[in-house]
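These values consider heavy atoms only, across backbone and side chains, with no hydrogens, waters or symmetry-generated copies. Keep in mind that this is a model prediction, so the values were computed, not measured. Proteins come first, then strands; the chains are lettered A, B, ... in the order of their sequence lines, and each starts at number 1.
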Amino acid sequence: MDKEQVAEILIEIGILLELKGENPFKTRAYANAARTLETLNEPLEKIVAENRLGDIKGFGEALQKKITELVTTGHMTYYDELKAETPPGLLEMLQIPGVGPKKVKVLHDKLGIKTVAELEAACQAGKVAELAGFGEKTQTKICEGIAFRRTYASRHHLSKAIAAAEPILDTLRGHPDVIRCSSAGSLRRSKEVVGDIDFLVSSKKPSEILEFFVSQPGVINVVAKGDTKATVIITGGIQADLRVVSDAEYPFALAYFTGSKEHNIVMRQRAIQRGLRLNEYGLFKSKEETRDSKLLVPCKTEEEIFQKLDLAYIPPELREDHGEFIAAEQGKLPRLLEWTELRGSLHNHSTWSDGHATLEDIVNYMIELGCDYWAITDHSKSSFQAHGLEPARLREQIKAVKKINQSLADQGSDFRLLTGSEVDILKDRVDFDDDLLAELDVVVASLHAGFSSNEADNTNRLIRAAQNPYVHMLGHITGRLLLEREPYKVNQQAIIDACAETGTWIELNANPYRFDMDWRLWQYAKSKGVKCVINCDAHRNENAGFLRLGAGIARKGWLTKADVINTLPLPELMKALRHKRDSKR
DNA sequence: GCCGTTTTCGGCCCGACTGTTTTCAGTCG
């Protein structure tokens, strides 16, 4: 049992305890432990075997014992019993907006409701409104919440959220009474998937701004509207929150609403350690609750807040309590990659396989966009569903690319198309022979089919591909499709180690459904010296925009310009591409 | 359930909004 599986169980225990009405700090202890596990850089089995779990903060006697039992025997008596006494439908009921653990407990204890379907029936029969603490409105809201969940997913791809948020942000910026405004929350932190969109505005006329916001054409439902805050549902079913504050409060509110929750908790603790109190309204020289401006430690920007807490400025993408505090204290935060530092993409498709643009269209579009190069890596023959290229066809494509490059050179253009292949990783080898791969500028090796349910099999296939001297990088190593398909089972750490040994790069696939490899693993990869390539995996020219999204995810992974291969100018890139095969010779 | 320069008990981040109350609990972020 690996750390991800253990973490999942700990999170579930936390929720189950909440449903039982347990002490909230106890439930949080489980959630905290789960988060800590996910950031570990060595196998949990090893830590358990060497009895070192207690060295990690947040793992006391009880958790050590339970986790050790789980890792060594594959099950945990405490969890099994807890799960057995809680109907599974109760967990699902928590997903309904406005329904939390306390309400679920009452519904279960008083009405015997065990599933979402039973809850909906009880609402329709009017039984829920009769319960103490419930009423007509709560009952209606639950019904609407259930119906909403049926219609819309509650989580959204980053790209969809950005597309929905940017026009609203522009509109808000144009309002004469708006002083400063920004998105906040997980969108600002560039999380791969977001639950809702947060906006923050500073203004002297909050009620007018809120009225303006809820009457926007894209708003299909107003969930809540108070004096400083409104919640709406916008087109596409995404929830959007707006908070309006004074301009003096703005930096504090921006830091607060950007989160993450875990990051904020540490920020508050740091304030307390310094005899201060931090909330969304300010940083106060007081241990008591106050908004007394005489006690305010004035800060005009987020930078100043961090400074007052003895920290370097932490970019939003890093605010996940993933080590940013230690680095910010020691002045060791990296200067993160800027998306404008990317010069092209090394994994893309054309009409030769399953892409929608011709080579000529791609060249014109990418030159217009300001790229220096663009690799054409169409599928290999085994991906017949994607019109994968036979060797002869690939050799034709190489000629076609060379001809285009010759004509670019003749016109005095410095832009170059690179030849390449996204070669399938088959059971025991990659799809093309070495002599053909040797003719290509760029080789991306990816798994597309025949995933085993056996983690070791998948992992070994990827490791063998990394060992091939002609393979520059591994593509989308988990095959996940966010919100649609689970990753195939694979030991990512072992793959990173193999890439470190063989000098193979790992792709950060910038398709917003993939963002694969996950940002949580890049710090480890970086520590092993593994380089990243941010690739569009473009099937249409517009997909070039994925570079910006991918850079946001790379920033979450603490990556700098030096960590990312496709920031290199063309001559250096070509040198880097030749390096692995040369060193094998 | 964890933790300790208030250390073996009593804390644990903090506030807005809603609905059901008639002063507050639950939920959410």
(Q) Assuming nearest nucleotide by heavy-atom distance, tell me which of A:E136 and A:A230 is located more 5' along DNA chain B. (A)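 Final value for this comparison: A:A230.
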(Q) Between A:T228 and A:F134, which residue's closest nucleotide on DNA chain B lies nearer the 5′ terminus? (A)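 In this pair, the answer is A:T228.
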Rounding to a whole Å, what distance do you find between [X]:[atom1] and [N]:[atom2]?
| X | N | atom1 | atom2 | value |
| --- | --- | --- | --- | --- |
| A:Q269 | B:dG11 | CD | P | 17 Å |
| A:D227 | B:dG15 | CG | P | 17 Å |
| A:H263 | B:dC14 | NE2 | P | 15 Å |
| A:E144 | B:dT18 | CD | P | 14 Å |
| A:Q64 | B:dC2 | CD | P | 8 Å |
| A:E262 | B:dC12 | CD | C1' | 15 Å |
| A:F252 | B:dG15 | CZ | P | 14 Å |
| A:L131 | B:dG19 | CG | C1' | 14 Å |

Q: From the options B:dA16, B:dT20, B:dC14, select the nucleotide whose nearest atom is closest to the side chain of A:I272.
A: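 Shortest atom-to-atom distance from the side chain points to B:dC14.
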Q. Under 3.5 Å, is there a donor-acceptor pair between the A:T560 and A:D563 side chains?
A.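 Yes, because at least one side-chain N or O of A:T560 sits under 3.5 Å from a partner of the opposite role on A:D563.
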Q) Would you say the side-chain atoms of A:K65 and A:Y78 include a donor-acceptor pair closer than 3.5 Å? A)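 No, because no side-chain N or O of A:K65 sits under 3.5 Å from a partner of the opposite role on A:Y78.
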Q) Among pairs that include at least one residue of residues 85-103 of chain A, which meet side chain to side chain donor-acceptor pair (under 3.5 Å), considering only residues two or more places apart or in two chains? A)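 Sorted result for residues 85-103 of chain A: A:K20-A:E85.
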Is [Y] paired with [X] through a side-chain N to carboxylate O contact shorter than 4.0 Å?
| X | Y | value |
| --- | --- | --- |
| A:R28 | A:E262 | no |
| A:E302 | A:R319 | yes |
| A:R52 | A:D55 | no |
| A:E192 | A:R520 | yes |

Q | Nucleotide-resolved protein contact map, nucleotides 3-8 of chain B, B/S/- at heavy-atom distance under 4.0 Å | A | S-----
When you measure from the side chain of [X] to the backbone of [Y], do you find a donor-acceptor pair of N or O atoms at a distance under 3.5 Å?
| X | Y | answer |
| --- | --- | --- |
| A:E249 | A:S246 | yes |
| A:W519 | A:E317 | no |
| A:N23 | A:F25 | yes |

Q: May I ask you to say what A:T231 touches in the nucleic acid, namely base, sugar-phosphate or nothing, with a heavy-atom cut-off under 4.0 Å?
A: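 Result for A:T231 = nothing.
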Q) With a non-hydrogen cut-off below 4.0 angstrom, is A:K66 in contact with a base, only sugar-phosphate, or nothing? A)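 Sugar-phosphate only.
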Euclidean distance for [atom1], [N] against [M] (whole angstrom):
| N | M | atom1 | result |
| --- | --- | --- | --- |
| B:dG29 | B:dT23 | C1' | 24 Å |
| B:dT22 | B:dC17 | P | 23 Å |
| B:dT21 | B:dC14 | P | 30 Å |
| B:dT6 | B:dG1 | P | 27 Å |
| B:dT27 | B:dT20 | C1' | 14 Å |
| B:dG15 | B:dG10 | C1' | 24 Å |
| B:dG11 | B:dT18 | P | 32 Å |

Q) Crowded around A:K489 NZ? As in, over 12 foreign heavy atoms under 6.0 Å? A)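 No, NZ of A:K489 has 12 or fewer neighbouring heavy atoms, counting only those of other groups under 6.0 Å.
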Without placing hydrogens or testing angles, list every side-chain donor-acceptor pair under 3.5 Å for residues 323-340 of chain A, not counting sequence neighbours.
residue, atom, partner, partner atom, Å
A:E324, OE1, A:D321, N, 3.0
A:E324, OE1, A:H322, N, 2.7
A:E324, OE2, A:H263, ND1, 2.9
A:E324, OE2, A:E320, N, 3.1
A:E324, OE2, A:D321, N, 2.6
A:E329, OE2, A:R270, NH1, 2.7
A:E329, OE2, A:R270, NH2, 3.2
A:R335, NH1, A:E341, OE2, 3.3
A:R335, NH2, A:E341, OE2, 3.1

Q | A:T138 side chain near B:dT18 phosphate (N/O to OP1/OP2, under 4.0 Å) | A |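 For B:dT18, OP1/OP2 do not have a side-chain N/O of A:T138 under 4.0 Å.
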Q.
Below the 4.0 Å mark, does B:dC2 have OP1 or OP2 next to a side-chain nitrogen or oxygen of A:Y30?
A.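 It does not, given that no N or O in the side chain of A:Y30 lies less than 4.0 Å from OP1 or OP2 of B:dC2.
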Q) Where along residues 15-29 of chain A does a heavy atom come under 4.0 Å from DNA chain B, residue by residue in number order? A)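 Those residues are A:N23, A:F25, A:K26, A:R28, A:A29.
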Can I get a per-line list of side-chain donor-acceptor pairs under 3.5 Å for residues 177-184 of chain A, giving both atom names and the distance, sequence neighbours left out?
residue, atom, partner, partner atom, Å
A:R180, NE, A:D247, OD1, 3.0
A:R180, NH1, A:K300, O, 3.1
A:R180, NH2, A:D247, O, 3.2
A:R180, NH2, A:D247, OD2, 3.4

I'd like a list of close polar pairs between nucleotides 23-29 of chain B and the protein, N/O only, cut-off under 3.5 Å.
residue, atom, partner, partner atom, Å
B:dT27, OP1, A:G100, N, 2.9
B:dT27, OP1, A:G100, O, 3.0
B:dT27, OP1, A:K103, N, 2.7
B:dT27, OP2, A:K102, N, 3.1
B:dC28, OP1, A:G98, N, 2.6
B:dG29, N2, A:Y256, OH, 2.4

**Q.** Pair partner, B:dA25 [Watson-Crick or wobble, under 3.5 Å]
**A.**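 Paired with B:dT18.
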